[in-house]
Amino acid sequence: MKRRIFSGAQPTGSLHIGNYLGALRNWVDLQSEYESFYCIVNLHAITLPQDPATLRQKTLDLARIYLAAGIDPEVSTIFIQSDVSEHAELAWVLSSIARMGELERMTQFKDKGKGNRERAGVGLFTYPILMAADILLYQTHLVPVGKDQKQHLELSRDLAERFNRDYGTAFVVPDPFIPPVGANILSLQDPAKKMSKSDENPNASIFLLDEPDTIAKKIKRAVTDSGTTIVFDESRPAIHNLLTIYHLMTGKSANEIEVHFQGKGYGHLKTELAEAVVEFMKPFQERVKDFDDAHLNEILKKGAAKARIIARATLDDVYTKMGVVGAT
Ligand code: AMP
Ligand code: TRP
């Protein structure tokens, strides 16, 4: 039996190269080695206000992006979170064993809640419990994500271990898969922040569907630093970030890249980086046009039917172990 992967992204905003380099590319690479489940987590999206029509459209668009990135629906299971109601059910169960204190420590809640506890949604607070439910329902071994999800993964592991200890083993304890390079692509405008879908400055992120001249413009405007050499130096995060993107998109080694740019200026680096990103994105942007809505809906329906079988079996086991259902 193959080991299992589960991962997902929210159908909000537009996917950027950080999402691709930190997560999506690994989903594609790992999909045949594992039995893989890739989810569009629309129930996570509603923890912040969304326009209903936009959310519906973005949900389908995200499926299109998964496919264009190379996730093969004949190999992996692609589905929408709300189509499998067991996610919400298990989240409720896990919320009964999770502790306030461990959720209080989640840094994403502090960021997204903008530090305003009085106004922040309860769903935003319990968001990591729903994420744990997503993962644990599928007896997942490996969760490929970017670095910002590491803390959420640790909570998923803690909840699995706690349940298994208190009620008997129902869950596989999942491991994160965080790539050594690319797990934290930084904002082009402020290297103290990660590249983020919700950044209000559009120049901070390169979106997967950006036009070539937009890509070139954003890279040209990217902040650099006061040094002049083009080397991989973590104490110069802006240049390090640009070089990391270049490295991942060209496949050239760090050493090759440093030799290549020796004696050259930042302007030169930016021109070549823009060319590399545009070139890398071209086949992806072509493929996105290939999938019509009817085809996508069919894939998603099939995916949900497959996912539901596994999710239901886990939830039945959980309910039985807790005494919620079962023989008296
Ligand atoms: P989200 O857009 O928040 O649903 O994220 C989808 C995936 O992309 C998650 O696995 C994130 O960890 C990953 N991700 C988001 N932002 C970045 C970034 N700036 N660098 C690397 N990975 C990221
Ligand atoms: N919280 C993740 C993010 O914002 C999305 C997500 C929800 C997820 N459920 C998941 C990722 C389960 C991996 C596994 O990026």
Side-chain angles (χ1 to χ4, degrees), residues 4-28 30 34 36-48 50 58-59 61-62 65-66 69 71 79-82 84 87-88 90-91 94 106-109 111-112 123-124 126-157 159-160 174-199 204-208 237 240-241 244-245 248 307 311:
R4 271 199 197 127
I5 276 183
F6 184 98
S7 197
Q10 299 188 55
T12 52
S14 302
L15 252 66
H16 50 67
I17 58 170
N19 296 123
Y20 181 80
L21 298 174
L24 215 49
R25 124 189 110 100
N26 298 313
W27 303 3
V28 175
L30 295 166
Y34 289 78
S36 305
F37 293 82
Y38 297 123
C39 190
I40 296 158
V41 293
N42 57 348
L43 297 177
H44 278 97
I46 59 170
T47 57
L48 288 174
Q50 305 295 336
K58 292 269 175 196
T59 301
D61 287 347
L62 189 53
I65 283 176
Y66 285 6
I71 293 170
F79 69 103
I80 301 174
Q81 189 181 28
S82 62
V84 181
H87 288 245
L90 183 62
L94 295 177
M106 298 286 135
T107 55
Q108 196 172 72
F109 170 69
D111 294 345
K112 290 196 178 178
L124 199 59
T126 58
Y127 172 115
I129 298 178
L130 179 59
M131 177 162 164
D134 297 341
I135 296 166
L136 301 183
L137 272 179
Y138 298 92
Q139 309 297 338
T140 302
H141 298 92
L142 201 66
V143 185
V145 282
K147 197 166 150 217
D148 60 345
Q149 298 303 314
K150 187 165 181 267
Q151 201 186 26
H152 291 161
L153 249 298
E154 274 156 20
L155 178 74
S156 302
R157 290 173 57 87
L159 294 177
D175 284 317
F177 177 93
I178 297 173
V181 182
N184 189 29
I185 299 294
L186 306 176
S187 154
L188 298 183
Q189 289 297 316
D190 178 3
K193 295 198 296 197
K194 63 171 183 170
M195 190 176 283
S196 158
K197 282 174 179 171
S198 53
D199 202 308
S205 318
I206 299 173
F207 299 108
L208 297 182
H240 190 271
N241 191 45
T244 300
I245 297 169
L248 291 170

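Counting convention: from 1, in listed order, for ligands and their atoms alike. Values in this document were obtained by computation on a predicted structure and should not be read as measured data.
Listed by atom number, the atoms of ligand 2 under 4.0 Å from S7 heavy atoms are 13 (C), 14 (C). Under a 4.0 Å criterion applied to the non-hydrogen atoms of I135, ligand 2 contributes the atoms 12 (C), 14 (C). Residue contact check: V145 has heavy atoms under 4.0 Å from atoms 11 (C), 13 (C) of ligand 2. Those atoms of ligand 2 with a heavy atom of Y127 less than 4.0 angstrom away are 1 (N), 2 (C), 3 (C), 4 (O). For ligand 2, the atoms closer than 4.0 angstrom to any heavy atom of F6 are 12 (C), 14 (C). Interface of Q149 with ligand 1, defined as ligand atoms under 4.0 Å from a residue heavy atom, comprises 12 (O). Close approach of ligand 1 to M195 is summarised as follows: ligand atoms under 4.0 Å from at least one heavy atom of the residue are 16 (N), 18 (C), 19 (N). Each of the atoms 4 (O) of ligand 2 lies under 4.0 Å from some heavy atom of Q10. Residue A23 approaches ligand 1 through these ligand atoms, each under 4.0 Å from one of its heavy atoms: 7 (C), 8 (O), 10 (O). If you number the atoms of ligand 2 from 1 as listed, the ones under 4.0 Å from a heavy atom of V143 come out as 13 (C), 14 (C). Close contacts of ligand 1 with G22, meaning ligand atoms under 4.0 Å from a residue heavy atom, involve 21 (C), 22 (N). The contact set between ligand 1 and G182, taken as ligand atoms under 4.0 Å from a residue heavy atom, comprises 21 (C).
The shortest N/O to N/O separation between G18 and ligand 1 falls below 3.5 Å. Between A9 and ligand 1, no pair of N/O atoms sits closer than 3.5 Å. The distance criterion of under 3.5 Å between nitrogen or oxygen atoms is met by I185 with respect to ligand 1. Note: an N/O pair closer than 3.5 Å links D148 and ligand 1 by distance alone. At least one N or O atom of N19 sits closer than 3.5 Å to an N or O atom of ligand 1. Where the criterion is an N or O separation shorter than 3.5 Å, residue side chain and backbone included, K197 meets it with respect to ligand 1. Distances between N or O atoms of Q10 and those of ligand 1 include at least one value under 3.5 Å. For ligand 1, the polar-atom distance check finds no N/O of V145 at less than 3.5 Å from any of the ligand's N/O atoms.
Comparing A23, P176, G8, C39 by heavy-atom distance to atom 8 (C) of ligand 2, the nearest is G8.
L21 places none of its side-chain heavy atoms less than 4.5 Å from the side chain of V181. In this structure, the side chains of L208 and S14 stay at 4.5 Å or more apart for every pair of heavy atoms.
No part of L130 comes within 4.0 Å of ligand 2, judged by heavy-atom distances.
A donor-acceptor distance shorter than 3.5 angstrom exists from the side chain of Y66 to the backbone of C39, with no hydrogens or angles considered. With hydrogens and angles disregarded, no donor-acceptor distance shorter than 3.5 Å links the side chain of K197 to the backbone of L15. Without hydrogens or angle criteria, Y138 side chain to F6 main chain gives no donor-acceptor distance under 3.5 Å. Side-chain atoms of Q81 never come within 3.5 Å of backbone atoms of H87 as a donor-acceptor pair (strictly under, hydrogens ignored).
At the top of the distance list for atom 9 (N) of ligand 2, counting protein heavy atoms only, stands D134 OD2, 2.6 Å. Closest protein heavy atom to atom 3 (C) of ligand 2: Q149 NE2, 3.3 Å. In terms of protein heavy-atom proximity, atom 10 (O) of ligand 1 is closest to G146 N, 3.2 Å.
Aromatic ring pairs are classed by plane angle as parallel below 30°, tilted from 30° to 60° and perpendicular above 60°; the pair F37 and F79 is perpendicular.
Taking NE2 from H44 and CG from D134, the interatomic distance works out to 5.0 Å, rounded to the nearest 0.5 Å.
Judged by the shortest distance from any of its heavy atoms, H16 lies inside the 4.0 Å radius around the atoms of ligand 1.
A distance of 6.0 Å or more separates the ring centres of F109 and H152.
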- Run the numbers on L188 and M195 for side-chain contact (heavy atoms from CB on, under 4.5 Å), then give the verdict. CA-CA 7 Å; L188 298 183; M195 190 176 283; 4.1 Å; yes
